[in-house]
There are 2 protein chains.
Amino acid sequence: MDDRTKTRRLEEFRQLCRARGIPMTSQRRAVLEVVLDLDCHPNAEQVYASPKVRRARISRATVYRTLESLVRLGLVSKACHPGSAVRYDGRTDLHHHLICLRCEAVLDFDDERLDALPIPDTSALGFEVSDFRVQLRGVCRRCRELEERR
Amino acid sequence: MDDRTKTRRLEEFRQLCRARGIPMTSQRRAVLEVVLDLDCHPNAEQVYASPKVRRARISRATVYRTLESLVRLGLVSKACHPGSAVRYDGRTDLHHHLICLRCEAVLDFDDERLDALPIPDTSALGFEVSDFRVQLRGVCRRCRELEERR
DNA sequence: TTAAGTGCAAAAGCTTTGCGGGTAG
DNA sequence: CTACCCGCAAAGCTTTTGCACTTAA
């Protein structure tokens with residue numbers, strides 16, 4: 001994520017904390033920065049292992065708790081993925097994903113035609129849609145190259 | 001899933017096994033049947049806990065291994081979800097999902113307009129798309145009712 | 001017969017929780 | 001001050017793995 005956007009997101013965080021009267025700690029700031037920096041849709045362990053978080057000596061439990069708080073605050077979202085650990089996404093705006101079914105990589109994908117998708121009416125099911133993602137499922141470059149070599 | 005489709009899918013399984021010369025065991029058959037019966041996109045523990053699998057005294061390890069084999073055979077797919085355990089989907093055809101961001105329910109959703117989505121060209125990224133899903137994210141009926149009561 | 005599958009139990013990976021001490025506002 | 005947060009450690013959930021035994025073809 002570019003620095004300009006990142007600065008804006010961190011300012012947004014500061015204001016949200018002030019508005020809700022919750023403390024803005026150095027730990028939370030570091031965790032948010034890492035998620036904004038990484039575009040690999042990391043799980044909590046990957047955030048925990050990141051140099052910035054390790055340098056700050058932040059505990060594993062705090063990383064897990066903080067990520068969930070950031071989601072509740074709407075500053076981070078959860079990525080939908082085929083694997084077995086919760087994955088976080090620094091982007092909360094409308095965008096889409098390429099999902100590799102071999103290595104479970106999640107790649108961001110922006111496309112105006114996908115954004116313009118007509119959202120179906122789900123009210124008959126009692127389901128309230130807030131947001132959507134198109135997931136293009138397949139095999140990423142790296143996995144394809146690995147398979148060719150064999 | 002209706003019985004007619006289920007019978008067809010089980011026959012497909014039998015033929016795939018024969019074609020590849022792999023044994024069709026009673027355990028695999030039971031696990032496949034359970035995934036086809038459930039439409040809740042169960043994780044491995046839920047399949048393990050199902051009456052049919054328990055009656056057959058199938059071990060936990062076999063459930064985990066079998067689910068992965070069925071995915072490799074293309075008889076079952078993995079659902080993309082926001083949570084922390086792999087979830088399986090008895091449907092492998094084109095369809096879409098409603099994702100509840102509160103309880104992480106995954107509901108099937110069929111819609112011809114979504115099916116007709118123009119698939120973007122991802123070849124520049126080296127990504128080969130095989131399939132897609134639209135995920136409508138929001139809050140399901142039950143979670144909305146629970147929140148109203150409070 | 002035999003390649004593959006299964007059960008068991010241990011280990012590894014991921015996540016939550018209770019509690020005593022610390023800190024932002 | 002004081003409500004909230006943090007680190008630690010233990011516990012709980014999910015998944016994988018090695019090995020000896022069993023089974024479908």
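Please read these numbers as outputs of a predicted model, since none were measured by experiment. Chain A is the first sequence line, chain B the second, and so forth, proteins listed ahead of strands; every chain is numbered from 1.
C:dA4 atom P lies 14 Å from atom CG of B:Leu73, rounded to whole Å. Rounded to an integer number of Å, the gap from CZ of B:Arg29 to P of D:dT23 is 19 Å. Rounded to an integer number of Å, the gap from CG of B:Leu16 to P of D:dA24 is 19 Å. Taking atom CD of residue A:Gln46 and atom P of nucleotide C:dT15, one finds them 10 Å apart after rounding to whole Å. With rounding to whole Å, B:Tyr48 atom OH is found 16 Å from D:dT16 atom P.
B:Arg14 is linked by a salt bridge (Lys or Arg N to Asp or Glu O under 4.0 Å) to B:Glu11, counting only residues two or more places apart in sequence or in another chain. In this structure A:Asp93 satisfies the salt bridge (Lys or Arg N to Asp or Glu O under 4.0 Å) test together with A:Arg91, sequence neighbours excluded. In terms of the side-chain hydrogen bond (donor to acceptor under 3.5 Å, both in side chains) criterion, residue partners of B:Arg102 (sequence neighbours excluded) are, by chain and number, B:Glu147. Applying the side-chain hydrogen bond (donor to acceptor under 3.5 Å, both in side chains) test to B:Arg60 and every residue at least two apart in sequence or in another chain returns B:Glu45.
No more than 12 heavy atoms of other residues, nucleotides or ligands sit less than 6.0 Å from atom CZ of A:Arg18.
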Enumerate donor-acceptor pairs with a distance under 3.5 Å from any side-chain N or O in residues 114-128 of chain B to protein atoms, sequence neighbours excluded.
residue	atom	partner	partner atom	Å
B:Asp115	OD1	B:His96	NE2	2.8
B:Asp121	OD1	B:Ser123	N	3.0
B:Asp121	OD1	B:Ser123	OG	2.7
B:Asp121	OD2	B:Ser123	OG	3.3
B:Thr122	OG1	B:Phe127	O	2.7
B:Glu128	OE1	A:Arg144	NH1	3.0

Its contact letters, B for base, S for sugar-phosphate only and - for none at protein heavy atoms under 4.0 Å, make nucleotides 2-14 of chain D read --SSSBBB----S
